[in-house]
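Atoms within a ligand are numbered from 1 in the order they appear, just like the ligands themselves. Heads up: numbering here begins at 1 and tracks the sequence.
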Amino acid sequence: MKKFFVIGNPIQHSLSPELHSFWINENKINASYEKKLLDKEGVKEIIKDVKNNLIEGLNVTVPYKNLVIQYLDELTPEAERTQSVNTVYMKDKKIVGHNTDIAGFELAIRYAKYDVSGKKVLIIGAGGVTPSIIHALLKMNCNEIFIMNRTKEKAEEIKKIFTQIQVKNWGEKVDFDLIINTTSIGLKNDKLNLDLNVTNKMFFDLIYNPIKTPFLYNAEKNGNRIENGLMMFVYQAHQSFVIWNKVIPKIDDKIIKMLCR
Ligand code: ATR
């Protein structure tokens, strides 16, 4: 039986096992997919299990998407550019790190039928997933990218990779068409303390649980379009599944319902 895991810390919140297990069953694949809470040492150890063919593949989540890189043999161009890995597998006896967050975000934006080309985008946050969002936006030909983070230095670090983006101060007024929350604010009951009194814009939150964060709730009330991170989550998982199992699983209402429970 093939074994897959999603690793991270914390990991309790992850819905990846539900989604992958659903597709595994639907496609009659002899495999299991579970979540594993690991410390840094544990990450190093589990990579050895992939090398020794005891584990077929891994998804990597917060806070190990960058840390895992040192244990891998090869990065795909997407993982290299963003220095972020969320999918691990063996290929030609080499352990490869790939990034499906980029494609996940791009497909989610396309699913929402939002055209990014020529748009001004404001990104809130500079955490592990932010470089993937920037890479996808540049690929989709957006016009300008602004980034602000409570800890400005972290935004400055990202600018070293993507020199064309503009770093703004936390709370500074920015004219945008699309705003994306990449922070963890909203996962609990916390609120973004930013003045976002605009209308007719697009608000995207990478969080999907809760399905409507205060960021999205207020945006909708002010007459903006809103989109949560559910489809990005589904599409990044879909891309990993295809790589590992060479099968294209279905994305349908059944899956959305299962994840929105
Ligand atoms: P990591 O940095 O380990 O990848 P993450 O959860 O992906 O963690 O990212 C956390 C993001 O949420 C960061 O941008 C963080 O801002 P800081 O860099 O200033 O810590 C942001 N964040 C979390 N809680 C926040 C809060 N209460 N106010 C503002 N930003 C917050």
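Transitive grouping of hydrophobic side chains (ILVMFWY, heavy atoms separated by less than 4.5 Å) keeps F4 and Y71 in distinct clusters.
Here the heavy atom of the protein found nearest to atom 11 (C) of ligand 1 is T183 CA, 3.9 Å. The protein atom (non-hydrogen) at minimum distance from atom 23 (C) of ligand 1 is S184 OG, 3.3 Å. Of the protein's non-hydrogen atoms, the one nearest atom 29 (C) of ligand 1 is I185 CD1, 3.3 Å. Atom 3 (O) of ligand 1 has as its closest protein heavy atom P63 CB, 4.2 Å. Nearest protein neighbour of atom 13 (C) of ligand 1, counting heavy atoms only, is N149 OD1, 3.8 Å.
Below 30°, between 30° and 60°, or above 60°: for W244 and Y33 the angle between ring planes is between 30° and 60°, a tilted geometry.
For R110 and E106, the salt-bridge test passes: some basic side-chain N is under 4.0 Å from an acidic carboxylate O.
In the vicinity of G125, heavy-atom distances shorter than 4.0 Å reach the ligand 1 atoms 14 (O). Every atom of ligand 1 is numbered from 1 in the order shown, and the set under 4.0 Å from a heavy atom of T151 is 17 (P), 18 (O), 19 (O), 20 (O). Atom numbering of ligand 1 starts at 1 in the shown order; those under 4.0 Å from a heavy atom of G128 are 1 (P), 4 (O), 7 (O).
If you look at K154 next to ligand 1, the close heavy atoms, those under 4.0 Å, all belong to the side chain.
A cation-pi arrangement, defined by a distance under 6.0 Å to the six-membered ring centre and an angle within 45 degrees of its axis, is absent between K246 and F241. Cation-pi geometry between K120 and F176 is not met: the NZ or CZ atom fails to fall both under 6.0 Å from the ring centre and inside 45° of the normal.
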